[in-house]
*Asks:* 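My structure is below; once you've seen it, I'll send some questions.
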Amino acid sequence: MPDSTLHEPVLDWYDEHARDLPWRRPEASPWSVLVSELMLQQTPVVRVLPVHAAWLERWPTPAALAAEPVGEAVRAWGRLGYPRRALRLHAAAVAITERHDGLVPDDHGALLALPGVGDYTAAAVASFAFGRRHVVLDTNVRRVLGRVVGGAEHPRPSVTKAEREEAALLVPDDDATAATWAVAVMELGALVCTAAGPRCEECPVADQCAWRAAGYPAYDGPARRAQAWDGTDRQCRGRLMAVLRDADGPVRRSALDAAWGPEAQRLRCLAALVADGLLVHVAEDVYALP
DNA sequence: CACACGTGGTC
DNA sequence: TGACCAAGTGT
C-alpha cells in the first residue's frame, strides 16, 4: 500500500512550490510534453525554455516537423547539446505522423517504440501528458527516494531491480494522483533535494529522511567517473557541428579544418557525424546539414 | 553493462 | 579553478 505519510507532504509542497513551466500548463499538448522531455534529457530547464518555445511556435504539431528536412531540426536544436536528439525527435515526428495519425500515442509501449524515447521518457509522457499511472524514474526521483527511503546520498550508476520495485510501491493507486506524485517528486529533487547542497530546511519530508537521520553519510558506492572533455571526440564533434549550424548553407572542408586542429581526429569525427546522419557529404570537400 | 554522446553553469 | 552536474538513450 502506498505510503500516505510521504504522499501528502510532497503533494502539498508541490502544490505550493511547483514552477510554472510551459509544458506543465493545462493547455500544453502531448506534443509539447514530448518535445520538452527530449530536450530535457541531460539538459537544464533554463536552457531548454527558449528553444522549446521557438520549436513549438515553428512546429506546433508532429506533422509540421515531419514535413521539414531533418537538418532544420538540427539547426533549430541550437546549442542544447547531444544533437542526435534532434535527429530522433524528427524521426519520432515522422513515426507519429505515419503510424499514429499525427497524434502522440498515449500508450507506454507505443511511446517506447519511438526514436529517442526510452523507459523514462515513455513513462513521463504517458504520465504528464495523459495522466496515466507509471513509475517515472529519473535521476531526481532516484536521488530523492534513495535518500528518503534508502538513506544514501547518491543513487547507483544504473537502476537496480530493488530500486524500481521500491519506487513502484510508492506510486499512488489512482492515475491522477500518481501523475502528480511523479512530477512532484521530480520537482522536489530539482529544487530542494539537489545533488549538491540539498536544502533540507525546505524539505517537506526531512523528518522522514533516512539519509538525514543517519547523519548524511557520504556516498560510498562505485566511483562515478567524471566525463572527460578537452580533446575528446565529443568536443571535436561539437566544434564541427557549430560550424554547420552557424553557416547559412553547405560549408567547405577548409572551414571545418579551421575548427579543429588534429587532422586524424577531425576526419574520424567528420565521418562519424555523416554516419550518424548529422551531416551529409554533398560534394567533394563540401558538407551540409541533412 | 559500460561507454559514447554536447554544452554551459555552479560552487 | 576544475570537478561535478543537468527530466537519458542507444549500442
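All values below were derived from every heavy atom in this structure, side-chain atoms included, with hydrogens, water molecules and symmetry-related copies excluded. Naming convention: chains lettered A, B, ... in sequence-line order (proteins, then strands); numbering from 1 in each chain. What you see is a predicted model; the values in this text were computed from it and never measured.
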*Asks:* Check for me, please, whether A/Val70 and A/Val94 land in the same ILVMFWY cluster - side-chain distances under 4.5 Å, paths through other members count.
*Replies:*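 As far as the 4.5 Å side-chain criterion goes, A/Val94 and A/Val70 are not connected within one cluster.
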*Asks:* Would you say the side-chain atoms of A/Ser254 and A/Asp257 include a donor-acceptor pair closer than 3.5 Å?
*Replies:*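 Absent: no donor and acceptor within the cut-off.
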*Asks:* Can you tell whether the side chains of A/Asp119 and A/Arg164 come within less than 4.0 Å, N to carboxylate O?
*Replies:*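 A/Arg164 and A/Asp119: salt-bridged.
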*Asks:* For A/Arg268, look at atom CZ and say whether over 12 heavy atoms of other residues, nucleotides or ligands are found less than 6.0 Å away.
*Replies:* yes
*Asks:* Are A/His52 and A/Ser32 close enough, and set up right, to give a side-chain hydrogen bond (donor to acceptor under 3.5 Å, both in side chains), and what steps lead you there?
*Replies:* CA-CA 8 Å; A/His52 178 272; A/Ser32 174; 3.2 Å; yes
*Asks:* Given side-chain hydrogen bond (donor to acceptor under 3.5 Å, both in side chains), test A/Tyr120 with A/Gln41 step by step and report yes or no.
*Replies:* CA-CA 10 Å; A/Tyr120 159 75; A/Gln41 290 169 3; over 6 Å; no
*Asks:* Tell me which donor-acceptor pairs under 3.5 Å the side chains of residues 103-112 of chain A have, and how far apart each pair is, sequence neighbours excluded?
*Replies:*
from     : atom 1 : to       : atom 2 : distance (Å)
A/Asp106 : OD2    : A/Arg132 : NH2    : 2.8
A/Asp107 : OD2    : A/Gly109 : N      : 3.1
A/Asp107 : OD2    : A/Ala110 : N      : 2.9

*Asks:* What distance, rounded to whole Å, do you find between the two P atoms, one in B/dG6 and one in C/dT11?
*Replies:* 14 Å
*Asks:* Test of understanding: with side-chain contact (heavy atoms from CB on, under 4.5 Å), list the residues that count as partners of A/Gln227, not counting sequence neighbours.
*Replies:* A/Tyr82, A/Arg234
*Asks:* Under 3.5 Å, is there a donor-acceptor pair between the side chain of A/His7 and the main chain of A/Leu170?
*Replies:*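 The answer is yes, because a donor-acceptor pair under 3.5 Å joins these two groups.
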*Asks:* Give the B/S/- string for nucleotides 3-11 of chain C, one per nucleotide from 5' to 3', where a protein heavy atom under 4.0 Å of the base yields B, of only the sugar-phosphate yields S, and otherwise -.
*Replies:* -SSBBBSS-
*Asks:* Check side chain to side chain donor-acceptor pair (under 3.5 Å) between A/Glu68 and all other residues, then give those that pass, not counting sequence neighbours.
*Replies:* A/Trp59
*Asks:* If you take any heavy atom closer than 4.0 Å to DNA chain B, which residues from residues 73-81 of chain A end up in contact?
*Replies:* A/Arg79, A/Leu80, A/Gly81
*Asks:* For B/dC3 and C/dC4, measure between their P atoms and round to the nearest Å.
*Replies:*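 That atom pair is separated by 16 Å.
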*Asks:* Classify the angle between the aromatic ring planes of A/Trp211 and A/Tyr216 as parallel (below 30°), tilted (30 to 60°) or perpendicular (above 60°).
*Replies:* perpendicular
*Asks:* Need two values: the first and the last nucleotide of DNA chain B, 5' to 3', having an atom under 4.0 Å from any heavy-atom of chain A.
*Replies:* B/dC3 to B/dG8
*Asks:* Rounding to the closest angstrom, what is the interatomic distance between C/dG10 and B/dC1 at atom C1'?
*Replies:*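 Here C/dG10 and B/dC1 have their C1' atoms 13 Å from each other.
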*Asks:* Taking the same atom, C1', in B/dC11 and in C/dA7, what whole-Å distance lies between them?
*Replies:*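 Rounded to whole Å, the distance is 22 Å.
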*Asks:* What distance, rounded to whole Å, do you find between the two C1' atoms, one in C/dC5 and one in C/dT1?
*Replies:*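 Each nucleotide's C1' atom is 16 Å from the other's.
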*Asks:* Both A/Pro157 and A/Arg85 contact DNA chain B. Taking the nearest nucleotide for each, which residue is further toward the 5' end?
*Replies:* A/Pro157
